[in-house]
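Read through the structure below, which is laid out as structure tokens, and then see the notes.
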Amino acid sequence: MARPRQSVAMNYAVAFGVAVGAVALSQLTVQPFGGAYFYLPLVAVFYAALHGGVGPGLLSAFLCAAGFDFLFLGEPFRFGVATREEAHRVAGFVLFGVAASLLAGRFRAARDRAERAREEAEAAGAEARRIGELQERLVAVVSHDLRNPLGALRAGLELLPRLGPLADRQRVAVTRMRGTVDRMDGLIRDILDLARTRNGAVLAVQLAPARLGAICARVVGELEAAYPDVPITVAVDGDDHAELDEERLAQLVSNLVGNAIVHGDRAAGVAVRVRGGGPALRLEVENRGPPIAPELAPHLFEPFRRAGHDTRGLGLGLYIVKEIARAHGGEVAARSADGSTVFEVVLPREARAAPPAA
């Protein structure tokens, strides 16, 4: 809630009231201390400036000085000091009052600026959340509507060979169309995952006992059919059992191996290693080839990041890898040196499924 701002007239009225009250209450110090002192008026000046700013603070300071002069200095109920000491007291109070007004006024201005900044930040955060929710809904609706015709197209492609034998050129065309449909489906899935995680939410995972090595072997078998010219090896060392979401882990492995194929030396192949020692599993995907550019390394796992001038895909693959690892309570890192690039994923053996976004 925004703090209500007082009018200028109200601020000066408050300054007048506290000045009169402070001078009147100063009468209470006459008996115990043997005279009236400026302690209460100084408090009044500081409060007036803190409440209304420098102007009301200065007004309170001059009103308190005039009130003291009129009531306590020189002849009572007449303006004018009787001694040099009284003149020094009034001058000192005015100087301290001006300083207190300026100090309190600056403090008030800083407090108001901080309050406005906080309110603006809260408003901007609320607007960002609203826009994020709208974007997520829009992406979900559009993606759903795109998947329906893709599903129909895939069903038609599966039906074509059953209607009769296809010529060689027809089989090639159907195979290419099926690959295009699969690629479009993958792009839609990545966009949906981006929409779910963009506002800090964690991907929903369905954990069950699984073997990471078996998941890697299945994914590598599929990729070998798509890239027969790229040698891909899978090695498992130790116990690879863990609580995993098999489909999400298959997506993670596919993204990492696919990234290694695209950006590495195909002739040198890709090595997939699973190590199962202790409370965590380690998955490494290594390829030979040009190292990761130093300026790109800090941004590898950000969305829409591509290496160099690569225009394939949306640049979401490694971002999705990071989010899948995070959903399992794990993490991913990359290192690149001496012509070798390694992506390493660490997954706890007993991961906890993070709650899905609301």
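Counting non-hydrogen atoms of neighbouring residues, nucleotides and ligands closer than 6.0 angstrom, the CG atom of D338 reaches no more than 12 such neighbours. Surrounding CZ of R171 are more than 12 heavy atoms belonging to other residues, nucleotides or ligands, all under 6.0 Å away.
Looking at heavy atoms from C-beta onward, V285 lies out of side-chain contact with N259 at the 4.5 angstrom threshold. Looking at H328 and V205, their side chains come closer than 4.5 Å, going by heavy atoms from C-beta outward. The shortest distance between side-chain heavy atoms of E350 and L207 does not fall below 4.5 Å. For the pair E158/R178, a side-chain contact is recorded, criterion being any heavy-atom separation below 4.5 Å from C-beta on. Looking only at side-chain heavy atoms (C-beta outward), V332 and L318 stay at 4.5 Å or farther from each other. Within the 4.5 Å cutoff, the side chain of F343 has no heavy atoms near those of the V321 side chain. Residues L203 and I324 meet the side-chain proximity criterion, which asks for heavy atoms closer than 4.5 Å. L212 has its side chain within reach of L283: a pair of non-hydrogen atoms, C-beta onward, lies under 4.5 Å apart.
With hydrogens and angles ignored, the 3.5 Å screen pairs no side-chain donor or acceptor of S254 with any backbone N or O of A250. D239 places no side-chain N or O within 3.5 Å of a backbone atom of G276 that could act as its donor or acceptor partner.
A side-chain hydrogen bond (donor to acceptor under 3.5 Å, both in side chains) with D240 is found for exactly one of R282, R211, R275, R349, namely R211. V272 pairs in a side chain to side chain contact (heavy atoms under 4.5 Å, CB included) with only one of the listed residues (V234, L256, V236, L223), which is V234.
Taken from CZ in R335 to CD in E344, the straight-line distance is 5.5 Å, to the nearest 0.5 Å. Note that the CG atom of L281 and the CD atom of E243 stand 11.0 Å from one another [nearest 0.5 Å]. Interatomic distance, CG of L252 versus CD of E323, reported as 11.5 Å (0.5 Å rounding).
Across A327 and V202, no two heavy atoms sit closer than the pair CA-CG1, 3.5 Å. Contact between A325 and V345 at its shortest, heavy atoms only, is CB-CG1, 4.1 Å. When all heavy atoms of T233 and A271 are compared, the closest pair comes out as OG1-CA, 3.5 Å. Counting all heavy atoms, side chain and backbone alike, S336 lies closest to T341 at OG-OG1, 2.9 Å. Heavy-atom minimum distance, E246 versus A210: CG-CB, 3.7 Å. Closest approach of S60 and V18 over heavy atoms only: OG-CG2, 4.2 Å.
At a threshold of 4.0 Å, the pair R118-E122 counts as salt-bridged, since one of the basic side-chain nitrogens sits closer than that to a carboxylate oxygen.
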Query raised in the report: Going through the distances and angles, do I215 and L244 end up as a side chain to side chain contact (heavy atoms under 4.5 Å, CB included)?
Result: CA-CA 10 Å; I215 296 172; L244 305 170; 4.2 Å; yes
**Report entry** Audit row: R111, E115, side chain to side chain contact (heavy atoms under 4.5 Å, CB included) steps and yes/no
**Finding:** CA-CA 6 Å; R111 182 190 63 189; E115 182 70 14; 5.6 Å; no
